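Please read all numbers here as calculations on a predicted model, not as lab measurements. Reminder, nothing fancy here: chain letters follow the sequence lines and each chain counts from 1.
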Amino acid sequence: MADAILNLTCKQLRDQIAAGDVKSLAAVEAVFAQIEALDDKVGAYISTFKDRALEAAQTIDRKIATGESTGPLAGVPVAIKDNMCTDFGTTTCASKILENFLAPYNAHVVEKLRDADAVIVGKTNLDEFAMGSSTENSALKQTVNPWDKTRVPGGSSGGSAAATAARMCFAALGSDTGGSIRQPAGFCGVVGLKPTYGRVSRFGLVAYGSSLDQIGTLTGDVADAALMMNVIASHDKRDSTSISENTAPICDYLEKIDEDVKGLKIAVVPEFNAGADRNVQNALKSALDIYKALGAQIIEVKMPHLDYAIAAYYIIATAEASSNLARYDGVHYGHRTEKPADYVEVYSKSRAEGFGTEVKRRIMLGTYALSSGYYDAYYLKALKVRNLIRTDFTKAFEKADCIMMPTSPTTAFKIGEKIEDPLQMYLADIYTISANLAGLPAISIPCGFDADSLPIGLQILSPAFTEDKLLRIARMFESKTDYHTRKPKLAGCEK
Amino acid sequence: MSDAEYKVIVGLEIHVHLATRTKMFCGCELIYGGEANSRVCPVCIGMPGVLPVMNKQAYEFAVLTALALNCKISNFTKWDRKSYYYPDLPKNYQISQYDLPLAEAGYIEVPLESGQTKKIRIIRVHLEEDAGKNTHTLGNFSAVDLNRAGTPLLEIVTEPDMNSAAEVRALAVELQRIVRYLGVSDADMQKGHMRFEPNINLQITKAGAEYKTPIVEVKNLNSFRAVERSVAFEVRRQLDDFGETGRTMASGNKSTRGWDDERELTVLQREKEEAHDYRYFPDPDLVPVELTDEWLSQIKAHLCELPIEKQKRFVTEYKLSDYDAGVLTGDRNTAEFFDAVVKAGADAKRVCNLLTQTGMKLANEAGCNVADLGVDAASLAKLAKMAQAGDISATASATIFEEMANTKKAPDVIAAELNLIQTSDAGELEAVVDEVLAANPDAVADAASGGKKTKKARGFLLGQVMQKTKGQANPKVVSQILNKKLS
Amino acid sequence: MSRFFVFGRLQMAKKIDETQVRHVAKLARLDLTDDEVARFSTQLSAILGYVEKLNELDTDSAEPLAHCLPMHNVFREDVVTESLDTELALRNAPQHFETFFKVPKILEDDSGA
């Protein structure tokens, strides 16, 4: 039976710690007890920092007792996906090539969490270098779905999603390049938010697809996502793609979170949704009914280029990845092969030994797409299609405040089910991928369960830099349902 | 191959280190030397998760240089990744510019030894980051130092407009002069601030037909001497090769050779099966640069009179020789100092002599520039005027100049202290001459005789006058008076 | 027709054969086993076959969208910031000699510079 404290949301915990009603130490101890009880089975964490976290908790508790000012997340235990650099512990990206890598600096978001006085519990598992949709590509360990241990938690932020769902942290950071926050959030029954491209600094996020990557949040509910956004959304001069606060002002995402959006217009793309499983389509329909009951208007739109998103994505993302991963060569850091015949073998053997199959596959695909003679046909073509996809969104947003669609065509699939067929795995990203191509914010919220009691995610997308409105739209659903309060049995949190 | 006529065709690619304080994409300080890997950070080491941020000053220096090279400046430019694997390139790609460089289509006017100038066209100018340094001499391994990795590098590519080794050298020298004038680079060859890669081939006319030899690119050149010699060597080698094999551009690809400075020859580098596939694509971590009219004006305000313009002006306006103008305009500070001294009213030729003979010697000894000797333009102008007026001899002016540098005193004060003021007053001197002539009738007779003893006698009489005036008589004026009186 | 139908599976000729796979692996500095080369040839061909889908679209009037951000002119001033301690810079180096990174001796200039 898990500690009742684990039933609190981030915000509730934060408020109670700040009021002195609950000690951060209690929360941290409860989280570690949960980790000790569950993580052998779930496998969410690659590394944890118990001593460090306990010490941090005690410091926070002391500050609060003496009335010293503390940050907006003071004392709240959070987890970080292990592709974000921390100057403590290792940053492995779930890869053998960085298994022992000690980053000498902190990612921008890690600094923000630290400044907010959050307590970092550990680094979570992921698909190697964030490449994958199931976390099965981790070279270091396996993570299972807390709702059903024979199934995947989704990916690539599977560790963060599983940890949040199983209450082994109060919130977690993930990264999303083609759906890697939203899809695991959907599979694990938690809230996953991918902000607008440029809203959250990528400095310190190990790059996969640079024009697509964004750091975002995995939380128990929408208000917690807003709380986390308040901490991590900020301009960073170390990231040239970080939007300036003049161009896109940051607001308090929590301030109006419970205010319904009046006269809400929701766009749906019926042909596109038709590709999802029956369960998923039904859950979407029910969700839309709830919004209608709240006064929203559903508008059907056509977005003819969404079908091409996967093709465009797997050219653009892999092209950028092939370049971003060129630096892993065993020369300056990372795994080096033991007996290279010459300096060229340092590269080719270290990389062959250090990278997993999916990573190699994507590097190969990206290298091919950029290579002499193929650039125009593949990369340039994909960039043009990207523009067409973005235009589809622009047109849709002329008619509606948001677009709703499933997060995934299916619920969590079985471990091993898709791993042998990479193309099948890629095709499962169909609903999440366009938001990355267009750079738009998108959130997945729990909206039901299938016949096997597996969570179903509802995805909501909104125009660039409108996260505040997006969160309010999502919150409207939460105000009328309780899917987000349900926890997997394994978490031992029955109320 | 003596029966063939040939034309040498050379294009040059030059890399120039910009004199910014920090690297191109991170804030590490640029300091020459220092312990290996002491000026690096996660960004220039290419660690996981890092991102580049562009150095504004580097871009402005680049635009300034392109303006001086008469280029068309692009108002939209972007960054591209150039991929290749090498231990001194930590990300295994270089951030550079590919299809939209910051400037194109310019020219550089190069002064040649003949006194003529030649216009060499510039194809493009772009910015990129330098790699680190590999050292292969510390043991049976290679050692990598990333201190230099990330240095802003300006790449300039010319059309193949040069037709001799001397012209190539002249262009290299002129480019050095320009970037130093602008202050965008120290262009110190010892520190490797400039690197050259000539592309050389020949157009051979034999028995009425024209043949082009395959183009050779020579690498590893970081001195003017190496540039000139490697081009000269290649010309001879390609002539010989064509004579033996008849190979032309049609049958052979461009090849790369390295310059061996010790043996003074080019060596074919390992022939690769395929050329590098750099897989250029736009760098997704950087946003494009838009140069507004306002910004361009701000940069233009830093342009100065270019060295070739100054050099020409010194010839036409000041009537200096090509050679002298070239020496004075060797660096901007000297040239501007010279200009200031002349504009303060001194005779150009005299100032030129003062600076090129005495000034530069003093500057060398002091290890500084002539303008920083502590002698200001007005003072030096005064010295020049004194010499012009004959108040001091030319030799004395050199001595006084040195004293001015050492003591910072005014020229007239020093001249008086050192007793170097000479009398040029013809009337005064005539009186003394008359005295001496009167006192030395034998010498006068000899001097007026026109025979063998004339020269010696005149010398004696001059000496007497100098003695009487305690060396202060202007010997030229005395000679003139003597000549008049003796003839 | 289900939108998830894969065209690539029907094609007889591989889009990327084993020779090409080896060539790309060399460009990417990946030492692949023969087994991997064969498998990648099949898998990458299928993926590339799928990606051909993009040719169904007329993109003549579309500009390539490399960046979603409406941003340009992001710079830093030429101001020195602290470098890493050399010890930290080398902390992860697999091999080093004094304060240099160390690699097997490079025998010829293979650089692309």
Report yes if the side chains of [X] and [Y] come closer than 4.5 Å at any heavy-atom pair, otherwise no.
| X | Y | value |
| --- | --- | --- |
| B/Pro52 | A/Ser240 | no |
| A/Ser372 | B/Tyr278 | no |
| B/Leu51 | A/Arg238 | no |
| A/Tyr343 | B/Pro87 | yes |

- Run the numbers on B/Phe281 and A/Tyr375 for ring pair (Phe, Tyr, Trp, His ring centres under 6.0 Å), then give the verdict. CA-CA 9 Å; B/Phe281 76 103; A/Tyr375 178 88; 7.8 Å; no
- Minimum heavy-atom separation for A/Thr241 to B/Asp285, with atom names?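 So the minimum-distance heavy-atom pair works out to CG2-O, 3.8 Å.
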- Task: Might you point out which heavy atoms bring B/Pro284 and A/Ser210 nearest each other, and give the distance in Å?
- Result: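 Residues B/Pro284 and A/Ser210, closest heavy atoms: CG-CB, 3.5 Å.
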- Query: So, A/Ser371 and B/Arg279: side-chain donor and acceptor under 3.5 Å apart, yes or no?
  - Reply: no
- Item | A/Arg327 side chain to B/Tyr85 side chain, donor-acceptor N/O pair below 3.5 angstrom | no
Just give me the residue among [options] that pairs up with chain B most often, heavy atom to heavy atom, under 4.5 Å.
| options | answer |
| --- | --- |
| A/Leu383, A/Val346, A/Asp239 | A/Asp239 |
| A/Tyr374, A/Tyr347, A/Phe101 | A/Tyr347 |
| A/Leu325, A/Val331, A/Leu205 | A/Leu205 |

- Message: Is it the case that the side chain of A/Tyr333 and the backbone of B/Gly46 share a donor-acceptor pair, with hydrogens and angles ignored and the cut-off at 3.5 Å?
- Response: yes
- Query: CD/A/Glu320 to CZ/B/Arg81 distance, rounded to the nearest 0.5 angstrom?
  - Reply: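 Going from the CD atom of A/Glu320 to the CZ atom of B/Arg81 covers 7.0 Å.
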